[in-house]
Structures are given as structure tokens and as C-alpha cells.
Amino acid sequence: MNRSTIKSIYNPHQTKETLGETKFLKRQNERIEYRLVKVFRLVFILFYIVGIELPISPKRRKNRYPRTHRRDVRVHRILSYCRKCPKYFVLIIFFVIVTEMVWDIINLEDKRTAATYFLLIVFTLILLISIHKSRRTMFQMTQMLSEVFKCFPRYNLNLVRYLSHALLVFSVIVSVYMAIVFNFHSTSLTYTEKRKFCENNVVTDFLNLQSYCFVTFQTVGCLTQAVGSILFSLFSVFYSLVCILVQVLLSHLLNKINKANSSEELHKPLFLFAIISRIMNCLEDTFSSSVFLETVMSMVGMFRAGYIVAFLSTVRLDYLPQLLFGIVGFVHQLLIIISASSANEKAALTMKSLSCRIPESETDLRFKLRRISGEHKSLSVWKIYVLDRSLVVTSVGTLVTYGMLIGTIGKDHHWRWDMGAQLYPRYQVHLHDMEESKLTRN
């Protein structure tokens, strides 16, 4: 007997038409889950390459295989160790580069640049550890999003998927290019200093490793910078993707709430808003510190790029990776701020519309709405500043004002006169008169 006939025996009220409808709904829900997995597929693959394996499958028990199948157990253990290889490889690379940066701070002449790179690497390592700890929450959020999207099967996610994939591919290509050019360009000052130090060091002379030591350091630095830039791009794209999907769901909920003619039709939108509020709470509790690290790193890159453009008279080719890092950091910062601020605005508007549409006689619905609004958390930067659209202007303005102050520290007045002479030719006559007056006094 078929499964449908058995179900019809145990449930005589269920007809063939209802069975067909349930089958169609199951297939439709599977398609929705598959579409949502398609959106995050490239993100999850790149997270695995960087060393963060998301728990897509449930936990496997230790005593899953019986004692007779020892070969299957060995194969399973070997595969589990192979899956963990990217994580251990990335950790080893970061350990080597941290020791190298400490070595550079102690021995190189340009200690400010070495300290800045060391700070960025430490921030990247903290970001990697925080994302690795919250990898289960990331998968749970995607599951909750797929459950809510089952109620809106007509929405097409292809545009969001293509845009996110294009941004990820562009970010990965720029990251690899920046890492190769920055670490293997021979005109850089740190390049020549490191080469001289590796060739004239006592340890490398004793072990006869003059040629291998420098290449190893540069290769490890290239891999670390590539992994850090890819991780930076991945987190910003994942965070903005979740915020965009939340915004889409909230806009659909607003349409349903506005079309509701009775209080009974508001039960389902209220239940869906509770799930979306839970997703936003998970996003805020888990990734607010990571958003803070992302903003700090992007601001450092933007300051470095602005300093090169504003204060250096000649822009060489080895400054190109730093300029690209500043541009990419600004783009990802805009992604996070705009997507999170729009999600916050939509959530506040949904709560306001629900409170207006629910009548005062429905005490149960009003109590549920108050409980959801009391537990709701807006997206913020490490619970310090709630993300809104004005943060774009304030961050750029703060960077410009304090960047100008920090950039002019230690500059001589002659540098300002030289810059004025380059910008305005009439200052050259004034400089010539000042030099003649000094000569006559002497």
C-alpha cells in the first residue's frame, strides 16, 4: 500500500485533493529553502576556505558506527581531520605573522607603520575568532529566515544573490591583488629593510637560510593579508545580506498589516514579526562587536588612503594597495550602515503600524506586541551607537577633522609654504622676497 492510502485510512477526512495540496506545499517549501541556500552558498564556501566551517549538518555522535565497521570509523575520522585542515592552516599563518610583526616592531626603523600593521592583524585575528565562535548562530539565522520566507513564496531572490556574488568576487580579486602587490613589490621601503635584515642576520647566516627566510616571510604575509581581506569582505556581505532579507520580510509584513481588515488577520503577521525580531536580536547579540571591529579597520584604511592622497606630493605604485583597501573598506562600511539602518527603520515602522492597527479590545494581541517590543533590540555598533543613516556623515566628518589634525602633527612650516607655492604661483614671489630679506639681515 502507498503512504497516501495509509494516511487516508488513518485520517478519513483527508481527501486526495488535500493530499495533493500538502505535497505541493512541501515541494514549494523545499524550493524556498533551496533558493535561500543559494544566496548564502558562496559565502559559506568562502568562510570554509578562510577556516570557518559552518555546522550545516547536525552533530554526529561518537558511537554512531558499530564496532564491526572499524574501517568506516577510520575513514570518517580522516575526513573530519581533512575538514579541519583550513582552520589549522589559517591559525598557523596568523601565529607566524604575529611573531614576524613583533620582530619588525623591535628591529625595523619605521616602527609606526609596523605597529599599525600589527594592530590590523590583531583586529583581524579577533574578528576571525569571534566569527568562529558564532558560526552556529549564523546557520540558525539562515534557518529562521527560510522559515519566514515560506510565507512569501512569490518573492524572487535572484537579484540579491547575483549582486552579493558579484560583490564577493570583486572583493576577493581585489584582496588577492592587494596582498601580492603589497608584499612582493620591490620599491617598498619595508621590502628593502626586511631583505637587508634577513640577509645580514646572525641566525640566517648560521643556518644558511638567507634566500629562504625572506621569501617565507613575504609569502606568509601575503597569505595573511589575503585571508584578512577576504574575511573582512565576507563578514560585511553576510551581515548586509541578513539585514537586506530582514528588510524585505518587514516590507512584506507591512503590506499584509495594511491590507488586514480584521484583528484575526493580524495573528500571523504578529507571529512572523516575533521571528524576525528574534533574528535581529541574535544578530545584535552575536555580531555587534564584530561590526565595531569592521568599522575600526575600515576607518584605519580610509585614513591611510586619505593621508596618501592629501599629504604626499608623489603617489607611487606601492601605495596602490593601501588606496584600494581604503576604497573597499569604505564600500563595505556603507553596506553595513545602510542595510542595518534600513532594517532598524522598517522594524520600528512595523511595530508602530501593529500598535495602531490592533484594537484596544484585543488584550492578548496587545500583550504579545508589548512583550515583543520590549525584547526587541536595534542593530548597533557594539551597543554603543545605534546604526542609522546619519552615521555615514558623522564617520566621514570625524575622519576628516581628526585625520587632518593627526596628519599635520610634526609637520614643519616650510612644508606648508612649499605646498602653497605648488598650489598658487604667487606664493613663490613671496618666498623669494623672504629669502632675500633673511640674506640681507645676515
Side-chain angles (χ1 to χ4, degrees), residues 21 23-50 52 54-57 131 135 137-176 230-259 268-269 272-273 275-280 282-283 287 328 331-347 349-350 379:
E21 287 177 0
K23 285 182 182 179
F24 177 72
L25 285 173
K26 284 182 181 179
R27 289 176 184 174
Q28 204 170 21
N29 293 337
E30 287 176 0
R31 287 176 186 173
I32 292 163
E33 289 179 359
Y34 184 67
R35 281 190 299 165
L36 198 63
V37 167
K38 272 185 176 181
V39 175
F40 290 99
R41 180 185 292 172
L42 185 60
V43 181
F44 291 164
I45 290 170
L46 290 175
F47 267 126
Y48 176 71
I49 292 171
V50 169
I52 300 170
L54 293 174
I56 296 173
S57 59
I131 294 173
R135 63 191 187 277
T137 309
M138 295 168 68
F139 182 63
Q140 288 173 3
M141 281 192 295
T142 54
Q143 281 184 332
M144 286 191 285
L145 282 171
S146 64
E147 287 177 3
V148 182
F149 263 104
K150 289 175 185 177
C151 301
F152 307 104
R154 294 182 180 179
Y155 188 76
N156 194 4
L157 297 173
N158 288 329
L159 181 62
V160 179
R161 177 165 65 97
Y162 293 147
L163 288 176
S164 62
H165 288 185
L167 183 62
L168 274 178
V169 170
F170 174 74
S171 301
V172 169
I173 292 171
V174 171
S175 301
V176 173
I230 292 169
L231 181 68
F232 179 82
S233 305
L234 274 175
F235 175 74
S236 61
V237 170
F238 175 79
Y239 190 88
S240 59
L241 261 178
V242 175
C243 292
I244 288 167
L245 293 175
V246 166
Q247 181 189 355
V248 168
L249 291 171
L250 288 172
S251 61
H252 282 293
L253 276 180
L254 280 172
N255 292 330
K256 273 198 168 186
I257 292 165
N258 294 327
K259 291 179 182 178
K268 189 174 181 180
L272 294 176
F273 180 69
I275 299 175
I276 295 170
S277 177
R278 197 184 307 166
I279 293 169
M280 293 183 70
C282 290
L283 201 64
F287 297 112
V328 171
V331 170
H332 288 297
Q333 186 179 359
L334 281 179
L335 265 177
I336 290 174
I337 293 173
I338 293 172
S339 59
S341 62
S342 59
N344 286 334
E345 290 171 2
K346 286 285 183 181
L349 188 61
T350 306
L379 302 176

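The first residue of the sequence shown is numbered 1, and numbering continues consecutively from there.
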message: I need the full list of side-chain hydrogen bond (donor to acceptor under 3.5 Å, both in side chains) pairs touching residues 230-246, with sequence neighbours left out, sorted by first then second residue.
response: S233-H332, S236-H332

query: How about F287 and F235: are their ring centres within less than 6.0 Å of each other?
result: yes

query: Centroid-to-centroid, F139 to F44, below 6.0 Å?
result: no

How many angstroms lie between [atom1] in [X] and [atom2] in [Y], if you round to the nearest 0.5 Å?
{"X": "L272", "Y": "K256", "atom1": "CG", "atom2": "NZ", "value": "6.5 Å"}
{"X": "L145", "Y": "I279", "atom1": "CG", "atom2": "CD1", "value": "4.0 Å"}
{"X": "L42", "Y": "H165", "atom1": "CG", "atom2": "NE2", "value": "4.5 Å"}
{"X": "I49", "Y": "L231", "atom1": "CD1", "atom2": "CG", "value": "12.5 Å"}
{"X": "I52", "Y": "L234", "atom1": "CD1", "atom2": "CG", "value": "8.0 Å"}
{"X": "L379", "Y": "I337", "atom1": "CG", "atom2": "CD1", "value": "12.5 Å"}

task: May I ask you to decide if K346's main-chain N or O and T350's side chain share a donor-acceptor pair within less than 3.5 Å?
output: yes

statement: Sorted by chain and residue number, the side-chain contact (heavy atoms from CB on, under 4.5 Å) partners of Y48 (sequence neighbours excluded) come out as E53, R83, P86

[Y] side chain reached by [X] side chain, heavy atoms, under 4.5 Å:
{"X": "Y162", "Y": "V39", "result": "no"}
{"X": "F273", "Y": "I257", "result": "no"}
{"X": "V328", "Y": "S175", "result": "no"}
{"X": "I131", "Y": "M138", "result": "yes"}

Tell me which donor-acceptor pairs under 3.5 Å the side chains of residues 247-254 have, and how far apart each pair is, sequence neighbours excluded?
residue	atom	partner	partner atom	Å
Q247	OE1	S342	OG	3.0
S251	OG	Q247	O	3.4
S251	OG	V248	O	2.6

S339/V246 under side chain to side chain contact (heavy atoms under 4.5 Å, CB included): CA gap, chis, key distance, verdict: CA-CA 9 Å; S339 59; V246 166; over 6 Å; no

task: Work out which heavy atom in A343 is nearest to a heavy atom in M280; give both atom names and the distance.
output: O-CE, 4.0 Å

